[in-house]
Every structure is written in structure tokens, then in C-alpha cells.
Amino acid sequence: MGKTLKKNPLYLLLFMIPTVAAFIIGFVYPFIMGIYLSLCKFKTPKHIDFIGFKNYLKLVEGGTNTDRFLQSFWFTALFAVLSTVLINVLAFTVAVLLTKNFGGTNLFRTIFFMPNLLGGVLLGSIWTILINGILSVFKESLTNKGIYGLIGLLIVLLWQQIGYMMIIYVAGLQGVSEDLKEAAKIDGADSKQILFKVTIPLVMPSISMCTFLTLTNGFKLFDQNIAMTGGLPNHETEMLALNIYNTFYGTRGQMGFAQAKAVVFFLIVGLIAIVQLKITQSKEAD
Amino acid sequence: MKRRLALLLAAAMLLTSAVAGLSSCNGDGGSNKKGHVYYLNFKPEVDKQWQELAAKYTEKTGVQVDVETAADTQYEQKLLTTIGKDDAPTLFQIKGAAGLATWDEYCYDLTDSEPIKQLSSDAFALKNGEGKVKGLGYVSECFGIIVRKDLLEKAGYKVEDITNFESLKKVAEDITARKEELGFSAFTTPALGKGNGWRLSNHLSNMPLYYEFKDDGLSAANPPASIKGTYLDYYRQMIDLYFNNATVEPSVATGTTVDDARAEFMDGKAVFFQNGDWEYANITKDNALSNDQLAMIPMYIGVAGEENNGLCAGTEAYWAVNGDANEEDIQATLDFMTWLMTDDEATTALADEMGFACTFKSAKTPQNYLDKFNNDYAVAGKTVITWAFTAQPSENYQLELQGALQGYAIKMDDDSWAAVKNAFVDGWATEYAAAHEE
């Protein structure tokens, strides 16, 4: 059977068709179309006028458009870095605790994982009600200050993602051989040394995986943002994805501009993800 | 054996996809001489009623009518993504002049069509710059301040005591002073939570816009590129009244929603609730409130002569026919519209089941008690305040204004008001330019 498959490329093609077709229809075509539309002006699908790089120029010419985009970028970057660090440190800690031998670890793993199963908008709305309920005691609300929004968003994303990353870390930690740790112990290493010199280098693949996921998630965050703050107050908590969305749907005639922002957004996230992967992978033990 | 199985599976896959392709071909082939109607509806609360009405029409005439519903907030996106398809909606809605500016090139010229002749007034025919009728306003709605009559009486006042801003202010401030004793406040929360500020940014702003348009000879049908904000001080005065006499403090109101406001009104925690006649179904559901507890008064903001104002009445919902559809489908759509506007069964369903105050010659009056006040004011010779806010240049304009109002709620000082003014006046010019950029 294996031989026939290798001999007959027709089979290979036949079985690749569904996936390749889905990839082209669902990703390649929209992606190319998106790049094309970023060079156009359009209100409706009927009249699409090619205008060259005008949309991109609008992004760098200064003024409100540029300021808002930059503000969104810095807020997004701040959020992505904070969430990446916090999620990974906490998820790793929880994973270390839950790979120790005591009862109920499976129960706790399930409990920590569960928030991940809920949708972002739903979570955002529920948490907004909870947070506003508490803040109203102090005559405040979530959208009154940018810092409230930042902390609120962090709480929700942490609550949602720590469980997921924890599962990846648990799998990584279980792969670390007890023999190595025991050998380190016999050599006189204390538990801190074992953690940093033995365990962490060995779970480095999990760490690079998790940082990749959390960093890109942080940058792409949209659901929780639109559900919780909607960018209030005064665009202070508006992240890049929401900024693009508002430009696209909020003002007719600015859709091409929004598309150009989306292309720039893609380049930024892509670049950051590649750099991050290179850095963490270089630290992985062979 | 395995190889045969694989082949069989592959063949089955190909076969099913071929069949799927064929069946969809059959579907497209349905555009026979009778044509077909595809209505994109934007009021989810009446989706079921539309489906039933469409089925009735199909049963009677044999013409296929498909109704698809997109929630109000998703409607424009839905229209944008379906209008370019081969099987695009033949009947859809545009929101006033701003909507027409976007969708004009898709809209069939309705100027001499039968449905337009069935309108009770020309005022509901939406014309483009060239004077062609492109939209048909099918439902008239009104908004103002809904009053809990029973609570107002408990506080020692009658609805008739309120005839202008001064009297409204006097009543509201007296209720606030006795808030603890009475157990309720004057106004519900101004509800400035994210996405909820539209009552202030759209509806209340209709008042300053209405007066400014009147002074300057402007009309919402032909939106201006910029405005002056002549009546903004009155707008502020009214917002201050809302903020200072509401159930919650303004800095907390930034986290509340219109649902919260409605709940307060229904729970008897507030006397006044600024909203429209569409709220009737919500507040009387399961007999929560009864007609004799309700009244509706105009939004008085303090402009001289406002004693003669009625409620704000108009429409934001215009039917438009897809001019790109094939001829049979266009004709079928026009016939369907005419049927909706003239047939006894259809007009009854629109009024009784959907609660629409329709704008047709043969429309039935819906069982909406709040509409009664609109009529009462008109009959008493008061001026019906037309809708000017539909001229607002974009959704972003409204969002920016809501954001600025939210900032004002936190500080309530001149600096934060300057931001509101900026969003109201300068924002108009900016957004108008962005929306009309060539």
C-alpha cells in the first residue's frame, strides 16, 4: 500500500485536494484579495477603484489617523508583553504544582482549563458586569480610566488562557525524566537549581510554543476588547484589531484604508512572531 | 482490499460533491418567470413574523419569498457581504440619507413605481441628489421621554404640569431632593456604557440639530458637510439635568446599559426614561407595566417656544430594491411590496404582529399605546419634531460623540464639555469629509 502511494503521484494529489482547496479558498485567496483591496478605494463591492499607495500614505502622513494607529500599537504592544509574561509565569507555576504528587491534580487541571472553553465576547461581557459591580462601590466604572481597562482585559485574558498554557506545560514537565532530577540531587543541587538548570532547559520547547501563542494572541486580541471597553475612554484602550475594525465599518469610504492598516498589522505581528521564535528556539536544549 | 476501499471512498467523495454542485444548480434555476424575492430584514425581534408573512404570500401567489434577518448591529456588514453575490437580496433597508449615499448605485429607481404611490405622504419617499426616489420609508417611529405616570402622581405632579424645560427641571429636582422619602429618582441611568450611549448621541442630539437645521434651512434628506452647534448649550443643560437627577451618579453611569435603564423604569426606580415607542413591547411584556401607568412627553431642552413641541417622529428604515437583480426578480419584489402595503392580511400582520406604525395609505394602526401620545400632540396642534439626527455622517461620528459624553460624565467640567463640543461640531466635518472622500 505504502509503495503504491509513493509510486503513484496521482494518489498524493487526490488526497491533497481537499486540504489544499480549503487552504486556497479560506486563506490564500482572501489574503491576496486583502492586499489588493488595501491599494483600492471602495464603499461597496461594485466600484473598486485602484488608487495605489494612497491608503498607506494616509497611515504615515501624521494627524489623527497616524496618532490613533500608533496609540493603538503601543497599547497593544504593552498589553501583549504584560499578558505574555504573566500568563506564562503563572501557567508554568500552576503546572509545576499540578505535576507534584498529591490528590486531586486532575480535578484542578480540569477546573483551570475550563474558562478556555468559553467565547471571548461572552467572557468579556460577564467580567464587565462583575468588574463594574465592584467599581461602582468606588463611584467608578471600567471605562472611566485607561488603566482600569488594561487591568480588566489582563484579568480576563489571564483567567482564560492560563489553563490552556498550563496543559502544554504539564505535558512538557511530564516528559522530563525523573532520573535526571535525581542525578542532579545526588550531585548536590538544591530544588531551585534543579528547576532552573535541569527542568526549564528541558521544557524549553513548551516555553517557546507557549510564548508564541500568548504573544500573538495578545497582539491579535479583539473579542474581549470590543466586549469590555470598546476602546473607551477616548481610544485609550483601543487595540490594533479594534482600531482596524472601527475604521472599516464605522466610516463609509475608509474601507481601503482599514485594509491597508490590516496589511501593516499582519507584517508587524508576523515579524514579532518570527523574532520571538528565533530567540526562544536558540535557547532550546538539544 | 485497503486500496479498493480508498478508491471507493474517493469516488464517494467526488460523487457527493458533484451532486451538491448539481443541486445548487437546480436552486439557481429557480428564477423562473415568476421571479423571486429575497428580503434582508434588520429587525430580529420580528423575524418570525416576517417568515410567516412571506410563507403566506408564497402560498397565495406561488412566488418564492426568502427572508433573512441580520441583527441591527450586524446589518450593514451582512448587506455588504451579500450584495456582491449572484444571489443577492432583492429587497433591503437603507438608513436615511447617509445610508443612501453609500448604497445609491445599488438602488432601483422607485420614482414611478406602484409601492411609492401607496405611501400616505411624500415625506416618506427618500430621494437622491438627482431627485430620483430610491428609498421607501415604511415605518414611522417616535421618541421622547417615557413617563411613569403613577410615580409622577406619587410625587405630587401630573403629566400636564410639564410643558417645557423649566417645569421639567423643577419636577426632576424636587424628586431628587425627596429621593429617599419617595424611593425613586427622576431619571433612569443615562446609560453610557460601551455601545449604549445612542440615546444621547443620536436621539437627544436630534433636538439641537433640529433647531439648527430649521434656522439654517437645512434638511436631513440633504445632510450638510459641516454644522455650527448653535444649540449645544441647551444640549448640555439637558444632559446636566439627566446626570444630576438620575438613579446613579454619572461616573457610575459610564458602566451601565440601556437594559439597566429599562429595568429601573420597570422596577419603579425612576419616573422618566428617554426612549422611543419601540420600547412599548419590552416594558409591557408579561403585563409588567400597564397602559394607565404610562405617558410620553417631548424632550424639552429649554429653547423658547418649545411648549408647542410634540414628539420626535420620523423613520430611519427605508426599503430599497436591488437594481442589479434581474427584471423578473425586481418586478416580483415590487409586487410583494405592493401586496404588503395594500393587502388586508398583510397590513394587519404588520400592525398587530410586528407593531409597526406603517406609512401606507391603507395601513392599520398598531396596538402601541405610546404612539397615541404622538398622535395626541399632533391633533392638539403641536409641532411634530422631524428627525434630523439621521443626517449624522457616520457611525464613527456617533461613537466619538458617545466617547466624549462618557468623558463628560466622569468630570462634568468645561474641559470635558469642550471635548463633547469638538466631537459634535468638528467631528461632523471630519467624518463627513472621510465618508465622502473622493
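Order of the sequence lines fixes the chain letters, A, B, ..., with proteins taken first and strands second; residue numbering starts at 1 for each chain. Bear in mind the structure is a predicted one, so any value in this text is a computation, not a measurement.
Of the two parts of A:T128, neither the backbone nor the side chain holds a non-hydrogen atom closer than 4.5 Å to a non-hydrogen atom of chain B. In this structure, chain A has a heavy atom under 4.5 Å from the side chain of B:E249, while its backbone stays farther away. Only the side chain of B:Q406 comes within contact range of chain A, with at least one heavy atom under 4.5 Å from a heavy atom of that chain. Neither the backbone nor the side chain of B:Q402 has a heavy atom closer than 4.5 Å to any heavy atom of chain A. Contact of A:F248 with chain B is made through the side chain alone, with heavy-atom distances under 4.5 Å.
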Name each donor-acceptor pair under 3.5 Å that joins a side chain in residues 155-163 of chain A to protein atoms two or more places apart or in another chain, with its distance.
from	atom 1	to	atom 2	distance (Å)
A:Q160	OE1	A:Q224	NE2	2.6
A:Q160	NE2	A:L118	O	3.3

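Residues B:Q77 and A:Y249 approach most closely at CG-CE2, 3.0 Å, considering heavy atoms. Minimum heavy-atom separation, B:N396 to A:T251: ND2-OG1, 2.9 Å. The minimum heavy-atom distance linking B:S394 with A:G250 is given by the pair CB-O, 3.4 Å. Residues A:S141 and B:G255 approach most closely at OG-N, 3.4 Å, considering heavy atoms.
Here the CD atom belonging to A:Q254 is positioned 7.5 Å from the CD atom belonging to B:E431, to the nearest 0.5 angstrom. Rounded to the nearest 0.5 angstrom, A:F42 CZ and B:L80 CG are separated by 7.5 Å.
Atom CZ of A:F50 is surrounded by more than 12 heavy atoms from other residues, nucleotides or ligands within 6.0 Å. Around atom OH of A:Y164, no more than 12 heavy atoms belonging to other residues, nucleotides or ligands sit under 6.0 Å away. Around the CD atom of B:E327, the shell of radius 6.0 Å holds no more than 12 heavy atoms that belong to other residues, nucleotides or ligands.
Chain A forms the most heavy-atom pairs under 4.5 Å with one residue out of B:L399, B:I83, B:D324, and that residue is B:D324. Of the residues considered (A:I51, A:I129, A:T64, A:I226), A:I226 shows the highest number of contacts with chain B, using heavy-atom pairs under 4.5 Å. In terms of non-hydrogen atom pairs under 4.5 Å with chain A, the most contact-rich of B:G403, B:G84, B:A435 is B:A435. Contacts with chain B were tallied for A:I131, A:L142, A:I17, A:N132; A:N132 has the most, counting heavy-atom pairs under 4.5 Å.
With hydrogens and angles disregarded, a donor-acceptor distance shorter than 3.5 Å links the side chain of A:T143 to the backbone of B:T254. Without hydrogens or angle criteria, A:N144 side chain to B:S251 main chain gives a donor-acceptor distance under 3.5 Å.
In this view, B:Y397 and B:W428 satisfy the ring-ring contact (aromatic ring centres under 6.0 Å, His included) rule, not counting sequence neighbours. With sequence neighbours excluded, the residues satisfying ring-ring contact (aromatic ring centres under 6.0 Å, His included) with B:F187 are B:Y242, B:F272.
Residues of residues 188-200 of chain B lying within less than 4.5 angstrom of chain A, judged on heavy atoms, are B:K194 in numerical order.
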